Amino acid sequence: MQFTAREDIEAPINSVFEMVADFDRFERIAMRRGIEVRRTSGEMGVVPGTSWETEFRLRGKPRQISVQMAECDPPSLMRFEAASKGMNGVTTVELLALSQRRTRLSVDMSLSAKSLPARLLLQSLRLGQSRFRRQFQLRLTEFAREMEQRHIHGG
């Protein structure tokens with residue numbers, strides 16, 4: 001199952017990359033949403049091999065997901081691989097400079113199941129995938145507008 005969203009941002013590619021690579025900020029946001037996040041490596045910045053262990057509840061059950069940055073090519077690409085007991089995922093973040101002040105952000109996420117319960121979970125996602133795709137695009141749009149504001153106001 002694959003989801004893709006893209007958004008154009010009124011900010012230079014280097015600024016957008018810096019904001020997308022602000023892992024500390026994303027960790028804090030996740031924790032505020034009730035997700036336990038622990039960085040297990042990569043304290044020295046944005047480098048392949050940086051990894052996290054996460055734990056959260058989904059449909060009433062505790063879930064653990066390990067995430068690792070598999071590839072990083074600043075300022076244009078980051079690829080993350082995620083694994084849980086029954087599912088794998090790959091998220092690719094691509095940045096393209098449209099001009100000196102405008103950047104296209106593309107996020108591609110693919111999920112695959114390795115167990116029957118995970119296949120059932122993916123099947124239920126497929127049934128609601130149009131809603132999920134809209135949510136995915138909406139979240140990216142909100143994130144893009146927030147990055148524009150951070151760029152304008154320097155923070």
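Below, each value reflects all heavy atoms present in this structure, side chains not excepted, and no hydrogens, waters or symmetry copies. Computed from a prediction, not measured in an experiment: that's the story for all the values here.
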### Query
What are the two closest heavy atoms between Gln68 and Gly49, and how far apart are they?
NE2-CA, 3.4 Å

### Message
Could you see if Val67 belongs to whatever hydrophobic cluster contains Val90? Use Ile, Leu, Val, Met, Phe, Trp, Tyr and a side-chain cutoff under 4.5 Å.
### Response
no

### Task
Kindly compute the distance separating CG (Leu121) from OG (Ser115), expressed to the nearest 0.5 Å.
9.0 Å

### Task
Measure the CE-OG distance between Met69 and Ser51 for me, rounded to the nearest 0.5 Å.
11.0 Å

### Query
Can you tell me how far the CD atom of Gln137 sits from the OG1 atom of Thr4, to the nearest 0.5 Å?
10.0 Å

### Partner residues of Glu27 under the salt bridge (charged side-chain N to carboxylate O under 4.0 Å, His left out) criterion, sequence neighbours left out
Arg39

### Task
Quick one: list whatever passes ring-ring contact (aromatic ring centres under 6.0 Å, His included) with Phe136, sequence neighbours left out.
none

### Query
In a check of side-chain contact (heavy atoms from CB on, under 4.5 Å) between Met147 and each of Asp22, Ile9, Ile152, Thr103, which one passes?
Ile9

### Query
Do Val107 and Leu77 belong together in a cluster built from hydrophobic side chains that touch within less than 4.5 Å?
no

### Query
Got more than 12 heavy atoms from elsewhere within 6.0 Å of CZ, Arg6?
no

### Query
What distance do Leu95 atom CG and Met78 atom CE have between them, rounded to the nearest 0.5 Å?
6.5 Å

### Query
At their closest point, which heavy atom of Ser41 faces which heavy atom of Thr50, and how far apart are they?
O-CG2, 3.5 Å

### Query
Is it the case that one hydrophobic cluster holds both Leu105 and Leu98, taking links as side-chain heavy atoms less than 4.5 Å apart, direct or via other members?
no

### Query
Between CZ of Arg33 and CZ of Arg28, what distance do you get to the nearest 0.5 Å?
13.5 Å

### Task
Determine the minimum heavy-atom distance between Ala30 and Val37, stating which atoms define it.
CB-CG2, 3.6 Å

### Task
Please report the C-alpha distance between Arg63 and Met87 in whole Å, then the side-chain angles of each, then the deciding distance to 0.1 Å, and finally whether the side-chain contact (heavy atoms from CB on, under 4.5 Å) criterion is met.
CA-CA 11 Å; Arg63 313 282 179 163; Met87 204 175 294; over 6 Å; no

### Message
Starting from Phe143, can I reach Val16 by hopping between I/L/V/M/F/W/Y residues whose side chains sit under 4.5 Å apart?
### Response
yes

### Task
Could you tell me whether the side chain of Glu7 and the main chain of Arg104 form a donor-acceptor pair under 3.5 Å?
no

### Query
Between Glu55 and Arg38, is the closest basic N to carboxylate O distance under 4.0 Å?
no

### Query
Which of parallel (below 30°), tilted (30 to 60°) and perpendicular (above 60°) describes Trp52 and Phe80?
tilted

### Message
Quick check on the hydrophobic clustering: are Phe17 and Phe26 connected, directly or via other members, by side-chain heavy-atom contacts under 4.5 Å?
### Response
yes

### Contact check, side chains of Met19 and His151, non-hydrogen atoms, under 4.5 Å
yes

### Query
Closest heavy-atom contact between Ala113 and Leu122?
N-CD1, 3.6 Å

### Query
What is the minimum heavy-atom distance between Ile65 and Ser84, and which atoms define it?
CG1-CB, 3.9 Å

#### Entry: With Arg101 via salt bridge (charged side-chain N to carboxylate O under 4.0 Å, His left out) - residues at least two apart
none

### Query
Is the closest side-chain donor-acceptor distance between Asp108 and Gln2 under 3.5 Å?
yes

#### Entry: Positive for side chain to side chain donor-acceptor pair (under 3.5 Å) with Gln129, one of Arg126, Arg131, Arg133
Arg133

### Task
Please report the shortest heavy-atom distance between Ala118 and Gly86, naming the atom on each side.
CB-O, 2.9 Å

### Query
What's the spacing between Asp8 CG and Thr141 OG1 if we round to 0.5 Å?
10.0 Å

### Task
Answer yes or no: are there more than 12 heavy-atom neighbours, outside Arg145 itself, under 6.0 Å from its atom CZ?
yes

### Query
Would you say Lys114 has more than 12 foreign heavy atoms packed within less than 6.0 Å of its NZ?
yes

